[in-house]
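Both backbone and side-chain heavy atoms feed into the values below; hydrogens, waters and symmetry mates do not.
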Amino acid sequence: MELAKITSKGQITIPVSIRKLLGVKDGDKVLFLQEGNRVVMMNASVNALLEAQKDFQGEAEKLGLQDEQDVVNLVKEIRAERGDKYRCE
C-alpha cells in the first residue's frame, strides 16, 4: 500500500513503485475508472490497447485470417488497392 498527499491544487505525486507497476513515465497519461465506490488508476495507453483488442476480437475469423502470413498478404492487398486508387500523377 502506498500513500500520497493531495496539494491545494488537487495534484498528487504517484509513488515510484506505482509508476513502475503502471509502466508510466513523465508525460504519460493515466486514466481513472470508477468501479463501485473505488477508483482505479490505469496507464491510458495500455487501456487503449486493451479496448482495441476487445473491439477487434473475432475479426480475423470473419476475414478468414488463420495465421500471420494471411495478415501480411491482406496488408499487401490493401496497399496495392490504395496505391492504385490514390496515385498522384
Please output the side-chain donor-acceptor pairs of residues 29-40 that fall under 3.5 Å, not counting sequence neighbours, one pair per line with the distance.
from: Q34; atom 1: NE2; to: G36; atom 2: O; distance (Å): 3.0

What side-chain donor-acceptor pairs closer than 3.5 Å can you find for residues 61-69, not counting sequence neighbours?
from: K62; atom 1: NZ; to: E59; atom 2: OE2; distance (Å): 3.2
from: D67; atom 1: OD1; to: Q69; atom 2: N; distance (Å): 3.2
from: D67; atom 1: OD1; to: D70; atom 2: N; distance (Å): 3.0
from: Q69; atom 1: NE2; to: N73; atom 2: OD1; distance (Å): 2.9

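Shown here are the side chain to side chain contact (heavy atoms under 4.5 Å, CB included) partners of I6, two or more places apart in sequence or in another chain: I12. Considering only residues two or more places apart in sequence or on other chains, K54 meets the side chain to side chain contact (heavy atoms under 4.5 Å, CB included) condition with E51. Every residue meeting the side chain to side chain contact (heavy atoms under 4.5 Å, CB included) condition with I18, not counting sequence neighbours, appears here in chain and number order: E2, I14, P15, L22, M41. Partners of Q11 by side chain to side chain contact (heavy atoms under 4.5 Å, CB included), not counting sequence neighbours, listed by chain and number: T7, K9.
Residues L49 and V46 are members of separate hydrophobic clusters, defined by side-chain heavy-atom contacts under 4.5 angstrom among Ile, Leu, Val, Met, Phe, Trp and Tyr.
Nearest heavy-atom pair across A4 and T13 is CB-O, 3.5 Å.
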